[in-house]
Amino acid sequence: MAPPQIAILGAGIFVKTEYIPRLSEIPDLFVLKAIWSRTEESARGAVDIAKKFFPRVECKWGDAGLNEIIQDASIVAVLVVLAAQFQVDLSLKLLRSGKHVLQEKPAASSINEVKTALSSYNSLSTSLPRQPIWAIAENYRFEPAILEGKKLMPDIGDLVNFQILVEAPMNSSNPYFSSSWRHNFTGGYILDMGVHFVAVLRMLAGCEVTSVSAMTSHVDTTLPPPDSMSSIIQLENGRCGVLVASLPGKTLKIFHRFVGVKGTLQIDVENREGKFGYSVSLFTADGQTKNSYYPFRGVTEELKTFFNVVSLATEKKDLTFRAEPRLSVIEGARDVAVIEAILESGNKQGALVQVNKF
Ligand SMILES: *[C@@H]1O[C@H](CO)[C@@H](O)[C@H](O)[C@H]1NC(C)=O
Ligand SMILES: *[C@@H]1O[C@H](CO)[C@@H](O)[C@H](O)[C@H]1NC(C)=O
């Protein structure tokens, strides 16, 4: 069977520095037909980079370019990597035209938005011969280190407590600082980045978050508010822990520690030989430490999974096909729900807020 033909909507920093290089590692799984952006200049910037790997990729821009992609029946799947304010609307537009969509996280800019979008998406099963796949790209769910951590969780026994501490220096030297949409997005970087850490927490704990109590602050006024948060998180199983994130600062540190009755699991982001990855350590009662290291690979793995799911859906012509659970909108929405509760609690000086259930 011929691999699916795809298009990318978006030509920003993440497309240029992540999507295109990662797609170039798996060129047999798809055919990249077009890259689209709102403006011609921006679309050309990404197309020039992509041409090195995909010489036949076409450049599309503006409303006309978008319509061409929508009307091109040979394009069966689209990767949506746009400003978070616009992603859901565009994803729905593509889904209505019958195309499968992999949309970047966050799943939506709010729970209200995702609820409305899900009901339009679900109604497509009545208007289209088959419901296309709407998948959310949360690369942390595909990181080999996080999957290894999940495998090791039974070794720590009953979970007692967890700490997830994040320092991510976001200043004008960071390429993501210059993306204007993040500065005009309710929840700012705390929502945009925070969903990753919630995804890891939910995956490792194997349990949903029920309520949060958080304090937020705004220290660096060149960043959108809030730029820092300290949250106490309560899980469905009654256990609790903390999730802390600060954007102003000088060091990068992403630290996860899960304390259990039989041992402790720690996962840290580390730079080895100029490349980022995770160090995974298991500490047990007898003083033994098990340590392993995994370079970042989540984006490649998630793209591979999406293309496999699309190929399967095409082959089987299955009318009720559902995306792989790790790609599902529901999972992405649950991450957003936790951050939304954190932001609400922060606005109410730490009041306990129940997390919206999906
Ligand atoms: C910021 O977002 C609002 C609402 O989403 C929009 O109306 C406004 O034009 C945006 N401003 C900038 C500078 O992008
Ligand atoms: C931003 O933070 C990085 C990491 O600490 C640092 O190397 C760089 O000098 C900072 N840039 C500015 C403009 O402060």
Side-chain angles (χ1 to χ4, degrees), residues 10-22 41-42 45-46 49 81-85 104-106 109 137-140 143-146 149 162-201 214-231 242-257 266-281 291 293-300 335 339 342-343 346:
I13 181 83
F14 202 58
V15 169
K16 293 199 266 199
T17 61
E18 273 296 323
Y19 269 71
I20 295 171
R22 301 292 81 79
E41 187 193 3
S42 153
I49 296 171
V81 197
L82 295 165
Q85 292 91 323
E104 252 311 309
K105 47 58 65 179
S109 50
E138 171 46 83
N139 50 309
Y140 282 44
E143 282 300 343
I146 307 300
F162 57 85
Q163 302 133 48
I164 300 179
L165 309 177
V166 178
E167 291 161 54
M170 187 54 68
N171 61 31
S172 54
S173 322
N174 189 310
Y176 293 98
F177 181 89
S178 56
S179 65
S180 56
W181 70 262
R182 288 190 173 84
H183 290 257
N184 189 27
F185 182 51
T186 308
Y189 291 90
I190 294 291
L191 173 54
D192 182 42
M193 290 173 56
V195 288
H196 287 310
F197 312 120
V198 174
V200 173
L201 167 62
M215 293 289 207
T216 52
S217 54
H218 191 203
V219 175
D220 180 349
T221 52
T222 68
L223 293 173
D227 60 3
S228 173
M229 60 104 154
S230 307
S231 317
V242 296
L243 170 58
V244 173
S246 343
L247 296 164
K250 284 285 176 252
T251 50
L252 175 72
K253 180 89 187 159
I254 304 182
F255 170 96
H256 313 79
R257 210 165 150 97
Q266 183 171 319
I267 305 179
D268 285 283
V269 165
E270 257 184 44
N271 190 327
R272 289 196 186 172
E273 292 155 14
K275 282 196 172 170
F276 281 105
Y278 292 95
S279 155
V280 179
S281 306
N291 184 269
Y293 180 79
Y294 299 84
F296 284 173
R297 209 188 139 71
V299 174
T300 313
D335 299 335
I339 297 292
I342 286 172
L343 293 169

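In this chain, residues are counted from 1 in sequence order. Counting starts at 1 for both ligands and their atoms, in listed order. No experiment lies behind these values; they were computed from the predicted model shown.
Taking CD from E18 and OG1 from T300, the interatomic distance works out to 7.5 Å, rounded to the nearest 0.5 Å. Between the CG atom in D268 and the CD1 atom in I254 there is a gap of 10.0 Å [rounded to 0.5 Å].
If you check the side chains of H196 and E138, you find a donor sitting under 3.5 Å from an acceptor.
Listed by chain and number, the residues in a side chain to side chain contact (heavy atoms under 4.5 Å, CB included) with P106 are A84, F185, D192, V195, V336 (sequence neighbours excluded).
Protein residues having at least one heavy atom under 4.0 Å from any atom of ligand 2 are N171, S172, S173, K250, listed by chain and number.
Salt-bridge check for K275 with E273: failed, with every basic side-chain N at 4.0 Å or more from each acidic carboxylate O.
Relative orientation of the Y19 and F14 rings is perpendicular, given thresholds of 30° and 60° on the angle between their planes.
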